[in-house]
Amino acid sequence: MVTFESDYNNGAHPTVLRSLIDSNDKKSSSYGSDYWSQEAREKIRLACQCNKAEIFFLVGGTQTNATVIDAMLPSYGAVIAVETAHINVHESGAVEANGHKVITLPSHNGKMSAEDLKRYLERFFADPTWEHMAVPGMIYLTFPTELGSVYCSHEIAAIYELAQQYSMPLFIDGARLGYGLTSEGCDFDLPWLARHCDVFYIGGTKVGALCGEAVVFTDKAPKGFFTTIKRHGALLAKSRLAGVQFNALFTDNLYLTISRHAINMAMKMREIFIQAGFEIKDSPTNQQFVVLNNEQMRKLATMILFETWEPINEEYTLCRFVTSWATTDDDLKELSNALQSL
């Protein structure tokens with residue numbers, strides 16, 4: 001059965017897998033000091049045009065978010081995010097499990113508004129009793145967002161300006177970073193992003209790797225970050241597993257090439273739904289959100305795998321269809337045929 005359920009329900013891109021196989025009989029150092037991790041760091045610094053960047057490889061997104069946030073906040077600190085943010089909705093309280101409150105602001109199609117942020121911070125610090133509260137100490141964005149939207153450069157720049165004004169680090173969750181950077185709605189590149197935040201990560205798990213996320217501190221990592229990684233059980237002994245994959249992803253522009261393919265497939269998919277007469281939400285990324293009535297949803301699920309996102313009312317449901325490096329024209333043809341049978 002063809003699947004559009006997620007962008008990580010397939011294996012690694014063939015080039016990445018080949019690199020793992022080719023390096024398999026070579027011995028290496030551990031805990032991030034292996035040859036491939038060092039090579040990958042240099043390639044990522046070059047791609048970001050950020051020579052001072054400190055880069056660490058972790059396994060998955062939730063682990064990365066929880067570790068970075070815990071490392072950068074004091075024990076009494078809280079992180080600000082929108083109400084639909086991944087750390088607030090889909091990470092099982094991982095941030096709170098480390099003792100940090102997630103403070104939520106309204107979501108505007110998945111995005112944070114600089115105006116909302118400014119209003120909240122002004123009100124918080126104008127309260128004479130603010131020291132009795134969890135103190136906001138970090139700002140968290142996802143790019144692209146949970147709803148497939150992308151920030152414009154002026155939106156991130158405005159949020160980053162506030163972050164600097166209030167001496168708070170801006171952290172950008174890039175689990176699907178490649179899909180955001182190559183989407184039609186994006187008006188900036190990776191070097192620009194690196195200049196407008198304090199830390200971000202480059203998602204590998206959802207963009208061609210078996211697993212792995214590359215955390216990029218654009219200037220300097222927090223003191224003891226390596227130890228914090230280990231404290232979270234996130235330190236890879238066989239660090240080559242991530243290093244080899246990111247070394248491959250950042251060779252010959254593979255990371256963005258993979259991402260562009262998924263975007264191209266998503267735009268073709270979008271047109272298929274539109275031509276078939278279905279309502280589809282505006283998303284320039286590899287996540288497409290389609291409105292199906294419940295009977296259509298049940299019937300389509302017998303032919304195509306996808307994710308039910310949220311009920312709209314008793315009759316209709318918002319469903320998510322996701323493309324990846326592995327999506328083919330034949331997959332889309334099968335989807336088109338299935339829609340015609342509804």
Side-chain angles (χ1 to χ4, degrees), residues 8 12 16 19-20 23 28-74 77 79 86-87 91 94-95 98 100 138-143 169-178 190-191 193-251 255:
Y8 50 93
V16 174
S19 296
L20 286 166
S23 63
S28 69
S29 299
S30 304
Y31 302 116
S33 59
D34 61 276
Y35 164 80
W36 299 279
S37 293
Q38 301 286 22
E39 283 282 297
R41 289 188 185 100
E42 287 304 315
K43 290 176 181 178
I44 290 171
R45 289 187 187 105
L46 183 62
C48 295
Q49 295 178 16
C50 191
N51 295 332
K52 297 187 298 181
E54 294 189 18
I55 300 163
F56 301 81
F57 298 109
L58 282 78
V59 175
T62 298
Q63 178 196 74
T64 299
N65 287 331
T67 303
V68 171
I69 290 169
D70 193 31
M72 299 193 77
L73 283 176
V79 57
H86 204 266
I87 58 171
E91 292 191 344
V95 172
N98 292 311
H100 301 294
M138 186 178 200
I139 300 162
Y140 167 96
L141 307 179
T142 51
F143 182 80
L170 173 60
F171 173 33
I172 297 179
D173 176 336
R176 292 188 169 94
L177 182 62
L190 187 55
L193 184 72
R195 295 193 301 270
H196 289 83
C197 66
D198 299 282
V199 56
F200 66 97
Y201 73 89
I202 301 167
T205 303
K206 296 175 180 176
V207 194
L210 284 175
C211 62
E213 324 297 323
V215 179
V216 181
F217 291 97
T218 57
D219 186 10
K220 197 170 184 179
K223 184 178 179 181
F225 186 67
F226 181 92
T227 306
T228 303
I229 293 173
K230 183 141 193 172
R231 181 172 173 267
H232 279 260
L235 186 61
L236 270 171
K238 290 186 179 181
S239 53
R240 61 190 289 160
L241 175 62
V244 169
Q245 294 184 87
F246 275 95
N247 194 31
L249 287 170
F250 278 82
T251 299
Y255 187 74

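Owing to the predicted nature of the structure, the values given are computational and were not obtained by experimental measurement.
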Heavy atoms, side chains only, cut-off 4.5 Å: are Gln245 and Cys211 in contact? yes
After noting the C-alpha distance and the side-chain angles of Leu20 and Leu210, does the key distance pass the side chain to side chain contact (heavy atoms under 4.5 Å, CB included) rule? CA-CA 10 Å; Leu20 286 166; Leu210 284 175; 3.7 Å; yes
Mind checking the OG1-CZ spacing from Thr218 to Arg195? Nearest 0.5 Å is all I need. 11.0 Å
Within this structure, what is the OG1-CD distance for the pair Thr62 and Glu91, rounded to the nearest 0.5 Å? 3.5 Å
What distance separates Tyr140 OH from Asp173 CG, expressed to the nearest 0.5 Å? 3.5 Å
Taking all non-hydrogen atoms of both residues, which atom of Ala175 and which atom of Lys206 are closest, and how far apart? O-CB, 3.7 Å
Here the pair of heavy atoms bringing Ser29 nearest to Ser239 is O-OG, 4.3 Å
Value rounded to 0.5 Å, distance of CD1 in Ile87 from CG in Asn65: 6.5 Å
Measure from the ring center of Phe217 to the ring center of Phe225 and say whether it is less than 6.0 Å. yes
When every non-hydrogen atom of His196 is compared with those of Leu170, the smallest separation belongs to O-CD2, 3.4 Å
Counting only N and O atoms by type, is there a donor-acceptor contact under 3.5 Å from the side chain of His100 to the main-chain atoms of Gly77? yes
Where Ala221 and Phe56 come nearest, the two heavy atoms and their spacing: CB-CE1, 3.7 Å
Could you check whether atom CZ of Arg231 has more than 12 heavy atoms from other residues, nucleotides or ligands sitting under 6.0 Å from it? no
Residues in side-chain hydrogen bond (donor to acceptor under 3.5 Å, both in side chains) with Asp198, at least two apart? none
Taking all atoms of both residues into account, what is the closest heavy-atom pair of Gly243 and Ser37, and its distance? CA-OG, 3.4 Å
Kindly indicate whether the side chain of Leu249, heavy atoms from C-beta on, has any atom under 4.5 Å from the side chain of Ile202. no
Does the side chain of Asn98 come within less than 4.5 Å of Ile69's, by heavy atoms? no
Fit a plane to each ring of Phe250 and Tyr255, take the angle between them on a 0 to 90° scale, and name the class: parallel (under 30°), tilted (30 to 60°) or perpendicular (over 60°). parallel
Partner residues of Gln38 under the side-chain hydrogen bond (donor to acceptor under 3.5 Å, both in side chains) criterion, sequence neighbours left out: Arg41
Passes side-chain hydrogen bond (donor to acceptor under 3.5 Å, both in side chains), His232 versus Asp70? Steps please. CA-CA 9 Å; His232 279 260; Asp70 193 31; 2.8 Å; yes
Start with the C-alpha gap between Met72 and Thr228, add the side-chain angles, then the distance that decides, and say whether side chain to side chain contact (heavy atoms under 4.5 Å, CB included) holds. CA-CA 10 Å; Met72 299 193 77; Thr228 303; over 6 Å; no
With rounding to the nearest 0.5 Å, note down the distance linking CZ in Arg176 to OH in Tyr8. 6.5 Å
If you round to the nearest 0.5 Å, how far is CG of Leu141 from CZ of Phe171? 10.0 Å
Side-chain contact, heavy-atom cut-off 4.5 Å: Val207 with Leu177? no
By side-chain hydrogen bond (donor to acceptor under 3.5 Å, both in side chains) - contacts of Thr205 (at least two apart): Glu213
Side chains of Leu236 and Phe57, heavy atoms from C-beta outward: is any pair under 4.5 Å? no
Please give me the minimum heavy-atom distance between Phe200 and Cys48, naming the atom from each residue. CZ-SG, 3.8 Å
